[in-house]
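Here the structure is a predicted model, which is why all the values come from computation and not from measurement. Labels below follow one simple rule: chain letters A, B, ... track the order of the sequence lines, proteins then strands, and each chain is numbered from 1.
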Number of protein chains: 2
Amino acid sequence: MRLSTRAQYAVRAMVDLSLYSEGRPVSLKEISRREEIPLNYLEQLFFRLKKGQIVTSVRGPGGGYVLARQESAIKVGEIVETVEEQLSPVACLDEGDRSCRRGARCLTHTVWQGLGERIKGFLDSITLADLTREARTRPAGGGDNEKGVCQPTG
Amino acid sequence: MRLSTRAQYAVRAMVDLSLYSEGRPVSLKEISRREEIPLNYLEQLFFRLKKGQIVTSVRGPGGGYVLARQESAIKVGEIVETVEEQLSPVACLDEGDRSCRRGARCLTHTVWQGLGERIKGFLDSITLADLTREARTRPAGGGDNEKGVCQPTG
DNA sequence: ACATACCTTACTATAATTGTCAAGTATGCA
DNA sequence: TGCATACTTGACAATTATAGTAAGGTATGT
């Protein structure tokens, strides 16, 4: 039941982009450096994010990426769905009825369906704005957070 | 974000066991036949389920497995957690702070944490009794269900 | 033109998952 | 006692998905 690192990276990168863009485009190089995500890997992610119309690109020197919409109009669920192949927890939810037959299968089907809806619902209830708001309140690398588990190590 | 087939099989097998056990032990052979799950694979699953104290085994001829508790006291979340390595959506939730450092990571951390709680909460809100109750109302292989996607194919 | 930075495809290594094989142990029954 | 049933357990192979790398291309501002 693991989320791919693609999805984790994508959300982190989007938060980073959102935090450090002040109108101007942010280059992947910057994000790569700050978030310690391989540049080539980021490029792949942003290729998808662009296709998903979550970001816009500006080419050439001084270029980079810009949010396609307001922070508050970009849901975390969207980001995840865009870079992840599928968000649904089991295969037969996407493919239709092929792998779903008699016996206990139909019964469990409804469970997975419900689960999928909850997951999507939760992730769609959070926007980039929610995340960046928190960040701006408590600056990066800053002092205290609830449990001390997220301190910088370097 | 896929659930392993292990987890899917385990829940299905438990529903099957619950449905067809009437006090007596149910052999894996039976479950394997009805649910079309490889016998050896089932054995592995039930090894874990037994360790997780969700089922009890009866050895010898006429033996098999029995629910360790009442249907209503067995949560789907338990079953999944028992056969799945981990239920949490990202690694740094289990391992502690090792992979969680500065920048946008802490922020997204809370998102994944929330997601994990929702997933667990939902799966724990459903018991075996909920599933079998539905099954007994609408017998296996039966006629109509909401969308017609779960009909027997054979 | 040249540097920057996006764009795109292809590939590889690694890990997880799925499923198989095989050999054992406990038990009930004739 | 001996046999059949069925659980018990560990090792292993095949498949697949993921993560990450590499390389070359295209657009654009100075």
Side-chain angles (χ1 to χ4, degrees), chain A residues 1-10 12-13 17 20-21 24-33 35-68 80 83-91 94-95 99, chain B residues 1-10 12-13 17 21 24-33 35-52 54-66 68 80 83-91 94 99:
Chain A
M1 203 63 199
R2 278 284 153 88
L3 211 62
S4 65
T5 62
R6 260 211 303 278
Q8 297 174 52
Y9 282 171
R12 261 172 55 203
L17 166 56
Y20 290 94
S21 163
R24 71 176 177 91
V26 179
S27 73
L28 294 188
K29 211 171 176 180
E30 278 183 67
I31 300 179
S32 166
R33 185 159 14 84
E35 299 294 333
E36 296 172 38
I37 300 171
L39 178 60
N40 286 324
Y41 204 31
L42 264 184
E43 288 177 339
Q44 286 182 36
L45 296 182
F46 274 80
F47 176 52
R48 294 180 193 228
L49 291 172
K50 193 191 171 186
K51 265 204 309 191
Q53 302 186 313
I54 295 178
V55 297
T56 326
S57 68
V58 179
R59 304 182 76 147
Y65 286 93
V66 187
L67 298 184
V80 174
V83 300
E84 192 104 343
E85 287 318 306
Q86 53 258 326
L87 197 48
S88 64
V90 302
D94 326 300
E95 296 162 13
S99 57
Chain B
M1 204 61 199
R2 277 283 153 87
L3 210 62
S4 64
T5 62
R6 261 211 300 279
Q8 298 175 51
Y9 283 171
R12 261 172 55 204
L17 167 56
S21 163
R24 71 174 177 91
V26 179
S27 73
L28 294 188
K29 212 168 175 182
E30 279 182 65
I31 300 180
S32 166
R33 185 159 15 84
E35 299 293 333
E36 297 172 38
I37 300 171
L39 177 60
N40 288 322
Y41 204 30
L42 266 185
E43 289 175 340
Q44 284 182 39
L45 296 183
F46 274 80
F47 175 52
R48 295 181 193 228
L49 291 171
K50 193 190 169 186
K51 265 205 306 191
I54 295 179
V55 297
T56 326
S57 67
V58 179
R59 304 182 76 148
Y65 286 92
V66 187
V80 173
V83 299
E84 193 104 343
E85 287 317 308
Q86 53 259 325
L87 196 48
S88 64
V90 302
D94 326 300
S99 57

S.K.: What is the distance from atom CD of B:E35 to atom CG of B:L17, rounded to the nearest 0.5 Å?
M.R.: 10.5 Å
S.K.: Let me confirm one number: the CD-OH distance from B:Q44 to B:Y9, rounded to the nearest 0.5 Å.
M.R.: 12.5 Å
S.K.: Separation of A:F47 atom CZ from D:dT26 atom P, in whole Å?
M.R.: 15 Å
S.K.: With DNA chain D as reference, determine whether B:G60 or A:G60 sits nearer its 5' end, using the nearest nucleotide of each.
M.R.: B:G60
S.K.: Could you tell me the boundaries of the chain A footprint on DNA chain C, defined by atoms under 4.0 Å from its heavy atoms?
M.R.: C:dA3 to C:dA10
S.K.: Check every strand shown and say whether B:F46 touches a base, only sugar-phosphate, or nothing at a heavy-atom separation below 4.0 Å.
M.R.: nothing
S.K.: If each of A:E43 and B:Q8 is mapped to the nucleotide of DNA chain C with the nearest heavy atom, which maps nearer the 5' terminus, i.e. the 5' end?
M.R.: A:E43
S.K.: To the nearest 0.5 Å, what is the distance between CD (B:E43) and OH (B:Y65)?
M.R.: 7.5 Å
S.K.: Indicate whether OP1 or OP2 belonging to D:dC7 is found under 4.0 Å from a side-chain N or O atom of B:S57.
M.R.: no
S.K.: If you assign each of B:G64 and A:R59 to its closest nucleotide in DNA chain D, which residue comes earlier from the 5' end?
M.R.: B:G64
S.K.: Nearest whole angstrom, please: distance from the P of D:dC7 to the CZ of B:R48.
M.R.: 18 Å
S.K.: Between the side-chain atoms of A:R6 and the base atoms of D:dT18, is any donor-acceptor pair under 3.5 Å?
M.R.: no
S.K.: Between D:dG20 and A:Y9, is there an OP1 or OP2 to side-chain N/O distance shorter than 4.0 Å?
M.R.: yes
S.K.: Over all heavy atoms of both residues, which pair between A:S32 and A:L39 is shortest? Give the atoms and the distance, please.
M.R.: OG-N, 3.7 Å
S.K.: Given atom CG of B:N40 and atom P of D:dA11, what is their separation to the nearest angstrom?
M.R.: 16 Å
S.K.: Scan B:Y41 against the nucleic acid and name what it touches under 4.0 Å (heavy atoms): base, sugar-phosphate only, or nothing.
M.R.: base
S.K.: If you take any heavy atom closer than 4.0 Å to DNA chain C, which residues from residues 49-56 of chain A end up in contact?
M.R.: A:K50
S.K.: On DNA chain C, compare the nucleotides closest to A:G62 and A:Q44; which residue's is nearer the 5' end?
M.R.: A:G62
S.K.: So does B:M1 get a backbone contact from the side chain of A:R2, meaning a donor-acceptor N/O pair under 3.5 Å?
M.R.: no
S.K.: Could you state the interatomic distance from CG (A:L42) to CZ (A:R33), rounded to the nearest 0.5 Å?
M.R.: 12.0 Å
S.K.: Using modelled atom types and a 3.5 Å cut-off, is there a donor and acceptor pairing between side-chain atoms of A:Q8 and backbone atoms of B:V90?
M.R.: no
S.K.: Within 45° of the axis and under 6.0 Å from the centre of the six-membered ring of A:F46, does NZ or CZ of A:K50 qualify?
M.R.: no
S.K.: As an exercise, state the distance from CZ of B:F47 to OG of B:S57, rounded to the nearest 0.5 Å.
M.R.: 11.0 Å
